[in-house]
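Report on one structure; see the data block that follows.
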Amino acid sequence: MEMKKRINLELRNRAPEKVTELVLDNCRSSNGEIEGLNDSFKELQFLSMANVELTSLAKLPTLSKLRKLELSDNVISGGLEVLAERCPNLTYLNLSGNKIKDLGTVEALQNLKNLKSLDLFNCEITNLEDYRDSIFELLQQITYLDGFDQEDNEAPDSEDDDDEGDEDDDDDENEAGPPGEYEEEDDEDDGASDLGEGEEEEEVGLSYLMKEEIQDEEDDDDYVEGGDEEEEGE
């Protein structure tokens, strides 16, 4: 009950004409509807109502821009023709975990001309012989059933593709590196190597200079002694 009140409060406090995504999972519907969800959500493109105890879609509001509808884990057993009337632009529909038992119930989805992906996991209809072939034959507009196409190729996940693209971009950036980054590192390495050479040269230079100073001192002494002899001779 508290969850329902909280959801209803959120719906009232938001400007419905600006909402494009709405998640109402786990709240509780009353007589097949959720209080606050109405036709004023004209820009809604994604709606999730998983596990809200829906038994019927008769009170679903008109959402002409809705493209993705999540209705998993409810108790819907029929009345799917409402979807074509209220949400004609649906491309993805998840009815997993509902009470859908036969092909006649699913046949009502033929009028959803833009429907590309349909999920019926954990519905009794999946136990029918040739279930997949029958659904693809019945709903020729769909490409994916329960996440796979007729050749058992998995449906792409747009979010994962985006993440992979971002990772590829990151890898490229890591390989290329920001401009000048590696140049600075190379400069530091060159500086370190130059410094090492400089130190070696400095040590060699000091010893060499010390030897030169010693020789200079000896030469000076010889010169002084020679000068004294000349003075004494004079």
Side-chain angles (χ1 to χ4, degrees), residues 20-34 37-39 41-162:
T20 58
E21 297 184 4
L22 191 59
V23 177
L24 304 176
D25 297 351
N26 303 313
C27 70
R28 292 293 173 262
S29 61
S30 177
N31 298 321
E33 66 177 342
I34 295 176
L37 181 63
N38 51 50
D39 297 349
F41 289 84
K42 298 183 182 300
E43 298 298 320
L44 199 61
Q45 297 180 27
F46 174 84
L47 174 62
S48 183
M49 295 190 295
N51 190 31
V52 297
E53 297 183 356
L54 275 179
T55 58
S56 169
L57 298 175
K59 295 185 178 180
L60 184 71
T62 298
L63 304 169
S64 59
K65 290 190 177 182
L66 194 67
R67 297 176 61 81
K68 295 185 177 182
L69 180 59
E70 293 272 359
L71 295 172
S72 59
D73 300 321
N74 286 291
V75 285
I76 298 168
S77 59
L80 301 183
E81 62 276 357
V82 172
L83 293 173
E85 299 172 6
R86 313 281 175 82
C87 310
N89 291 308
L90 277 183
T91 59
Y92 171 80
L93 176 62
N94 188 348
L95 290 168
S96 302
N98 280 277
K99 304 297 183 181
I100 298 171
K101 301 178 180 180
D102 53 62
L103 293 174
T105 302
V106 177
E107 187 177 2
L109 300 177
Q110 287 179 332
N111 293 325
L112 285 172
K113 302 302 182 182
N114 296 316
L115 189 65
K116 299 300 179 186
S117 182
L118 173 65
D119 285 347
L120 294 170
F121 288 114
N122 298 324
C123 293
E124 290 185 39
I125 192 174
T126 61
N127 297 323
L128 295 178
E129 187 177 357
D130 298 327
Y131 151 70
R132 287 182 59 82
D133 291 338
S134 299
I135 294 293
F136 277 118
E137 184 178 353
L138 184 64
L139 305 176
Q140 297 186 8
Q141 78 273 32
I142 70 170
T143 304
Y144 300 102
L145 175 62
D146 300 332
F148 293 87
D149 65 11
Q150 286 182 281
E151 285 73 37
D152 291 329
N153 296 313
E154 189 173 3
D157 190 326
S158 59
E159 293 182 359
D160 289 345
D161 292 343
D162 292 340

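Bear in mind that the values here come from a model prediction, so they are computed numbers and not experimental data.
- G79 approaches L57 most closely through the heavy-atom pair O-CB, 4.4 Å.
- Contact detail for D39 and P61: the closest heavy-atom pair is OD1-CB, 3.0 Å.
- Looking only at side-chain heavy atoms (C-beta outward), Y131 and L120 come within less than 4.5 Å of each other.
- Atom CE in M49 sits 5.5 Å away from atom CG in L69 (nearest 0.5 Å).
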(Q) Using side-chain contact (heavy atoms from CB on, under 4.5 Å), reason through L80 and I100 one step at a time and then give a plain yes or no. (A) CA-CA 10 Å; L80 301 183; I100 298 171; 4.3 Å; yes

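- Within the 4.5 Å cutoff, the side chain of N31 has heavy atoms near those of the K59 side chain.
- How far CD1 of I135 is from CG of L103: 5.0 Å, rounded to the nearest 0.5 Å.
- Here the closest non-hydrogen pair linking G97 and C123 is N-SG, 3.8 Å.
- The main-chain N or O of K65 is never found under 3.5 Å from a side-chain atom of E43 such that the two would form a donor-acceptor pair.
- Considering CG of N89 and CG of L115, their distance stands at 11.5 Å, rounded to 0.5 Å.
- Exactly one of D73, L71, V75 qualifies for a side-chain contact (heavy atoms from CB on, under 4.5 Å) with L54. That residue is L71.
- Taken to the nearest 0.5 Å, the CD atom of E70 stands 13.0 Å off from the CG atom of L22.
- A pairwise comparison of heavy atoms in D149 and Y144 identifies N-CD2, 3.6 Å as the closest pair.
- The number of heavy-atom neighbours closer than 6.0 Å to CD of E137, taken from other residues, nucleotides and ligands shown, is 12 or below.
- For A58 against R86, the heavy-atom pair with the smallest separation is O-NH1, 3.2 Å.
- The shortest heavy-atom contact between V52 and S29 is O-OG, 2.8 Å.
- Using modelled atom types, one finds no donor on one side chain facing an acceptor on the other under 3.5 Å when comparing S96 with D119.
- For the pair D133 (side chain) and D130 (backbone), a donor-acceptor distance under 3.5 Å is absent.
- Taken to the nearest 0.5 Å, the CG atom of L63 stands 6.5 Å off from the CG atom of L37.
- N74 contributes a side-chain N or O that, together with a main-chain N or O of S72, makes up a donor-acceptor pair within less than 3.5 Å.
- N26 and N51 share a side-chain donor-acceptor pair at under 3.5 Å.
- In this structure, the side chains of L109 and L93 come closer than 4.5 Å at one or more pairs of heavy atoms.
- The line from OG1 of T62 to CG of L44 is 12.5 Å long, rounded to the nearest 0.5 Å.
- A 4.5 Å side-chain heavy-atom check between Q141 and K113 finds every atom pair outside the cut-off.
- Between T126 and F121 there is no side-chain heavy-atom pair separated by less than 4.5 Å.
- Contact annotation: the side chain of S77 never approaches that of T105 to less than 4.5 Å [non-hydrogen atoms, C-beta and beyond].
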**Q.** Audit row: C27, I34, side-chain contact (heavy atoms from CB on, under 4.5 Å) steps and yes/no
**A.** CA-CA 8 Å; C27 70; I34 295 176; 3.6 Å; yes

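- K116 is not listed as a side-chain neighbour of I142, based on a closest heavy-atom distance of 4.5 Å or more.
- In the displayed structure, R132 atom CZ is contacted under 6.0 Å by more than 12 heavy atoms of other residues, nucleotides or ligands.
- Within the 4.5 Å cutoff, no side-chain heavy atoms of K68 are placed close to those of L47.
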